[in-house]
Amino acid sequence: MKKIIIGVVVILGIALLAVPFGSGLVMERIVREALSNLNAVYAKSGHDVSAEIVRYDRGYSSTEIEWKIKFGRLKALYGVDEVIFIDRAEHGISSIVSKTSLEKNGWYKDFINNKLAGKDPLHITTNYKLAGGVEVTTAIDTFAIQVENKTFAVKPGKVVVDCDKEFKKFNTEASWEGLAVAEDMSIGGISMKSVLTMISPYIWDGNVSMVMQNMQITEGGEAFDLANLKVEYFLNYDKEQKKLSAKAEYGVDSINFGPDKITKIFARIGINGVDAKGYEEFMKLYTATVSAILGDVTAAKDDPEKMKQVLEQKMAMVGFQMVAAGEKLLTKGLELKISDIHVQLPDGEITGDVAISLKKDMTFSQFIPVVNQPALVLEIISLKSNATLPEKLVGDAPMLFTPVYPGMQTGLFVKNGQEAQHKAETRDGKLFLNDKELVLK
């Protein structure tokens with residue numbers, strides 16, 4: 001029995017000793033897969049950005065990795081050709097924790113030494129999970145920087161990104177206490193959460209929510225104050241229909257412009273029925289075009305006249321390409337919707353919504369006859385809109401309350417007590433404005 005116990009202890013001891021080495025092997029596999037996936041995403045999106053491992057030193061209980069991201073033609077946008085990362089990891093029993101440094105980037109070291117007195121406020125920590133997946137935490141400490149005789153005081157913040165082992169699902173949480181610029185501006189209480197699944201580099205499914213608790217701007221003795229801005233985005237991909245939809249919700253508790261105050265601001269903006277294939281093709285063309293322009297701009301940066309010629313030639317060519325790609329998005333069922341508009345003013349409330357959708361597939365050229373035959377628009381689109389304004393806000397504006405087009409029986413708005421109201425709708429091949437038919441000829 002004693003020999004059996006000793007044997008088990010020895011085996012467990014050997015297993016525990018092997019764990020750090022095994023953890024290092026797992027980490028290397030995850031790192032190489034992550035960079036491979038990253039490069040695949042860059043390639044699919046049309047960017048010539050790439051990531052590569054320069055050096056991989058794996059030891060028994062620790063690993064040091066030097067890797068970099070090269071920006072290609074995006075150098076013109078970022079101002080640097082590449083960013084070099086040094087990762088130093090410790091192999092744990094259940095996970096591997098790595099600290100990332102930008103110490104090998106000369107431009108970054110110069111910034112830290114010259115602007116921040118040598119104190120680096122950036123901290124990047126990566127947790128490689130042995131079961132698969134990665135969690136990256138990026139944090140900044142409080143620091144201040146002088147720009148044009150003004151002090152920018154940056155407060156602490158943190159971003160945590162957690163992704164699965166396939167690098168398809170991403171959960172993100174972020175918080176930032178904000179910043180202040182002398183006595184001129186301050187923002188604070190910023191937070192963000194998101195749950196997103198990557199369908200392709202350009203198509204995502206999930207939602208993102210953001211909050212900014214306050215913003216104050218003072219200029220010329222006038223003050224602007226914003227309280228509790230909330231923004232939420234919803235992205236949906238219908239796999240069966242191959243359609244995309246997106247919705248954004250915006251809300252603000254209050255905005256003060258000096259003595260003027262607006263409260264309870266809210267609106268939803270959405271687009272539905274977007275052809276997924278057409279959208280991807282449009283975005284790929286857009287990305288490739290922007291990358292090409294940036295490359296040409298970089299090549300001609302020392303010759304302003306040549307740069308001007310390059311931009312004029314590129315924009316002329318790009319215009320036709322983008323129009324052709326954009327036409328693929330004009331499909332039946334495409335809908336733009338603005339709803340639940342609400343603004344509280346001292347004179348009363350503003351409310352409204354509008355929805356417009358295509359009744360059939362279209363090209364841009366098919367819209368041209370509408371200029372001379374407005375009635376054709378009823379064969380192309382469906383429309384429904386409502387709005388209410390305080391009558392005191394608009395007064396007796398003739399352009400709002402008087403018919404301005406042949407066939408109109410009312411103005412865009414009609415008076416109803418203390419309110420100005422608008423209602424428009426297409427129904428049975430006809431257009432109705434404020435419940436009166438508007439005859440298009």
Donor-acceptor under 3.5 Å ([X] side chain, [Y] main chain):
X: His123; Y: Thr138; value: no
X: Thr287; Y: Met283; value: yes
X: Asn105; Y: Ile84; value: yes
X: Asp162; Y: Glu135; value: no
X: Asp164; Y: Lys169; value: yes
X: Ser194; Y: Leu196; value: no

Start with the C-alpha gap between Lys168 and Glu166, add the side-chain angles, then the distance that decides, and say whether salt bridge (Lys or Arg N to Asp or Glu O under 4.0 Å) holds. CA-CA 5 Å; Lys168 295 290 185 181; Glu166 285 83 22; over 6 Å; no

Salt bridge check, Lys109 against Glu103: does any charged N sit closer than 4.0 Å to a carboxylate O?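 Answer for the salt bridge query: no.
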
Lys239 and Asp205 ion-paired at < 4.0 Å: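 Salt bridge between Lys239 and Asp205, a charged N being under 4.0 Å from a carboxylate O: no.
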
Residues that Asp87 engages under salt bridge (charged side-chain N to carboxylate O under 4.0 Å, His left out), provided they are two or more places apart: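 For Asp87, no residue satisfies salt bridge (charged side-chain N to carboxylate O under 4.0 Å, His left out) once neighbours in sequence are set aside.
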
Considering the options Thr331, Leu334, Asn236, Val274, which one meets the side chain to side chain contact (heavy atoms under 4.5 Å, CB included) requirement together with Lys243?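 Checked Thr331, Leu334, Asn236, Val274 against Lys243; only one passes side chain to side chain contact (heavy atoms under 4.5 Å, CB included): Thr331.
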
Please table the atom pairs, donor to acceptor, closer than 3.5 Å between any side-chain atom in residues 404-420 and protein atoms at least two apart or in another chain.
residue : atom : partner : partner atom : Å
Gln409  : NE2  : Glu437  : O            : 3.0
Thr410  : OG1  : Asn434  : ND2          : 3.0
Lys415  : NZ   : Asp396  : OD1          : 2.4
Asn416  : ND2  : Gln421  : OE1          : 3.2
Glu419  : OE1  : Gln421  : NE2          : 3.1

Do the side chains of [Y] and [X] get nearer than 4.5 Å, heavy atoms only?
X: Met212; Y: Ile187; answer: yes
X: Lys423; Y: Ser385; answer: no
X: Val154; Y: Ile140; answer: yes
X: Leu226; Y: Asn214; answer: no

What pairs with Phe224 under ring pair (Phe, Tyr, Trp, His ring centres under 6.0 Å), at least two apart in sequence or on another chain?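 Expected list: Phe257.
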
Residues which pass ring pair (Phe, Tyr, Trp, His ring centres under 6.0 Å) with Trp176, listed by chain and number, not counting sequence neighbours: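 Residues passing ring pair (Phe, Tyr, Trp, His ring centres under 6.0 Å) with Trp176: none at all.
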
State, to 0.1 Å, how close Gln146 and Asn149 come at their nearest heavy-atom pair, and which atoms those are.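 Scanning both residues, the minimum pair turns out to be NE2-C, 3.5 Å.
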
Would you kindly say whether Thr197 and Tyr237 are connected by a side-chain donor-acceptor distance under 3.5 Å?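 Short answer, no.
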
For Asp48 and Tyr42, which I'm curious about, is there any donor-acceptor pair between the side chains at under 3.5 Å?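 Side chains of Asp48 and Tyr42: no pair found under 3.5 Å.
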
Would you list the atom pairs, donor with acceptor, under 3.5 Å between side chains in residues 363-383 and any protein atom, with sequence neighbours excluded?
residue : atom : partner : partner atom : Å
Thr363  : OG1  : Ser365  : OG           : 3.1
Thr363  : OG1  : Gln366  : N            : 3.4
Thr363  : OG1  : Gln366  : OE1          : 3.4
Gln366  : OE1  : Thr363  : N            : 2.8

Pairs touching residues 133-173 that satisfy ring-ring contact (aromatic ring centres under 6.0 Å, His included), sequence neighbours left out: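 Every ring-ring contact (aromatic ring centres under 6.0 Å, His included) pair that includes a residue of residues 133-173, provided the two are not neighbours, is Phe170-Trp204.
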
Please say whether the positively charged group of Arg268, taken as NZ for Lys or CZ for Arg, lies over the ring of Tyr250, i.e. under 6.0 angstrom from the six-membered ring centre and within 45 degrees of the axis.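 Output no; distance or angle outside limits.
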
